[in-house]
Amino acid sequence: MISLRPNVRMGLVGLALTTAGMAASGEEPALKHVVPKGLLIGAAVSERQVDGRDAIARRVVTRHFNSVTPENLLKWRPIHPQPDEYVFEPADRYVAFGEDHGLTVIGHTLIWHPQTPDWVFVGKDGGRADRETVLSRMRTHIEAVVGRYRGRIHGWDVVNEALNDDGTFRETPWLETVGEEYIAKAFEYAHAADPEAKLYYNDYNLWKPEKRAAALRIVKQLRQRGLRIDGVGEQAHYMLDSPSIGEIEATITALAGSRVQVMITELDIDVLPRDPEMRGADLPKQAEFLAETNLYPNGLPKAQQEQLARRYADIFTLVMRHRDKLSRVTFWGVTDGQSWLNNFPLRGRVNYPLLFDRQGQPKPAFNAVVDVLKGS
Ligand code: XIL
């Protein structure tokens, strides 16, 4: 993994940003009041937002959104770090926060390869655990976590990111130990633990035709086994210029064609360049790339601000056109300051991917989205 330390003057960032000309927070229309009926509008939230340490973002969430997804706190490692140890308190607070504010509470995520402790895949002899052991751990985990919030978590990302962009199965420890059936098993156990909860498959780049086709095969195969899948989420970690609106549209219509709820589950727009080679690059090259691509350490210039607003307007125009097919649009984070894109794919860049700035003020992109939602 990338292990560079932040090398930008993060402290100056907030001061440099202004929101002149924009409505003050609290006066602007609430997103949840301008979305079409039946479409949920959500944000991924952190522990700090739920417990109020990040009061700015917390206020934005309760004012603007009617659904929440936990950014990290329901993932395997934080909630089930050791075989006999569960840490439920943050998740308990998250679910209570959602209920207290009338939000539709989403669970993310049961089965994924990152943020899963190594012990899950280690056998008695210290080598790889056998299939039965891993499946029994999977079942125990899903029963404990889904069971605890039965009737309170509306829907679960049961399996996350199981596919490569070419549509083959990603080589994860799950695939290695259990085989392709791990996906079906996860859906089976999740359904047993809460028969009422909606069950989703979630992945990124489903706008790529091969990957999308593979996701649709997963849906079909689950159904052939008599299992239920209610929805597919396209994460939607997008760039300013990619994917095209046509590619996103093809995704929505193709998924809707297989009678699942279609959701945009992790929407954000990365305004900084990415280097396809960067993950494999040596550290000096990464440091150089970081310095070269941390383009806006002191605020997003007007032209890029407007470009971002147009991109969001285009995406929400599409959302409106297909509102009968979409059940939810969720942003991956609340304010620019706490977005994961400040640290991904390189640590320590200053990014501007969301609708609210570092002070929780609505950005031009917010106003553009509201205009589209209001039909003006
Ligand atoms: C990310 C979180 O935002 C980060 O805080 C964490 O360090 C890594 O995971 N796809 C997903 C999310 O499904 O769970 C990821 O969230 C982003 C990519």
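One-based numbering, in listed order, for ligands and for the atoms of each. None of the values given here were measured: they were computed from a predicted structure.
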Verdict with reasoning, W156 to V158, per side chain to side chain contact (heavy atoms under 4.5 Å, CB included): CA-CA 5 Å; W156 280 95; V158 179; 4.1 Å; yes

Residue pairs, two or more places apart or on separate chains, that pass salt bridge (Lys or Arg N to Asp or Glu O under 4.0 Å) and touch residues 243-255: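 Sorted pair list: E249-R321.
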
Modelled atom types, side-chain donor and acceptor of Q235 and N205, under 3.5 Å: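 The criterion, which ignores hydrogens and geometry beyond distance, is not satisfied for N205 and Q235.
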
What are the distances between nitrogen or oxygen atoms of ligand 1 and protein nitrogen or oxygen atoms, counting only those under 3.5 Å?
{"from": "ligand 1", "atom 1": "3 (O)", "to": "E71", "atom 2": "OE2", "distance (Å)": "2.5"}
{"from": "ligand 1", "atom 1": "3 (O)", "to": "W332", "atom 2": "NE1", "distance (Å)": "2.9"}
{"from": "ligand 1", "atom 1": "5 (O)", "to": "E71", "atom 2": "OE2", "distance (Å)": "3.2"}
{"from": "ligand 1", "atom 1": "5 (O)", "to": "N72", "atom 2": "ND2", "distance (Å)": "2.9"}
{"from": "ligand 1", "atom 1": "9 (O)", "to": "K75", "atom 2": "NZ", "distance (Å)": "3.1"}
{"from": "ligand 1", "atom 1": "9 (O)", "to": "Q115", "atom 2": "OE1", "distance (Å)": "3.3"}
{"from": "ligand 1", "atom 1": "10 (N)", "to": "E161", "atom 2": "OE2", "distance (Å)": "3.1"}
{"from": "ligand 1", "atom 1": "10 (N)", "to": "Q235", "atom 2": "OE1", "distance (Å)": "3.3"}
{"from": "ligand 1", "atom 1": "10 (N)", "to": "E266", "atom 2": "OE1", "distance (Å)": "3.0"}
{"from": "ligand 1", "atom 1": "13 (O)", "to": "H108", "atom 2": "NE2", "distance (Å)": "3.4"}
{"from": "ligand 1", "atom 1": "13 (O)", "to": "N160", "atom 2": "ND2", "distance (Å)": "2.9"}
{"from": "ligand 1", "atom 1": "13 (O)", "to": "Q235", "atom 2": "NE2", "distance (Å)": "3.3"}
{"from": "ligand 1", "atom 1": "13 (O)", "to": "E266", "atom 2": "OE1", "distance (Å)": "3.3"}
{"from": "ligand 1", "atom 1": "13 (O)", "to": "E266", "atom 2": "OE2", "distance (Å)": "2.8"}
{"from": "ligand 1", "atom 1": "14 (O)", "to": "K75", "atom 2": "NZ", "distance (Å)": "2.7"}
{"from": "ligand 1", "atom 1": "14 (O)", "to": "H108", "atom 2": "NE2", "distance (Å)": "2.7"}
{"from": "ligand 1", "atom 1": "16 (O)", "to": "K75", "atom 2": "NZ", "distance (Å)": "3.2"}
{"from": "ligand 1", "atom 1": "16 (O)", "to": "W332", "atom 2": "NE1", "distance (Å)": "3.2"}

A256 versus K325, closest heavy-atom pair with distance: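 The answer is CB-CD, 3.6 Å.
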
Ring pair (Phe, Tyr, Trp, His ring centres under 6.0 Å) partner of H108, chosen from W332, Y200, W76, Y94: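 Only one option passes, and that is W332.
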
Working for side chain to side chain donor-acceptor pair (under 3.5 Å), residues R212 and T251: CA-CA 7 Å; R212 176 163 73 230; T251 314; 3.2 Å; yes

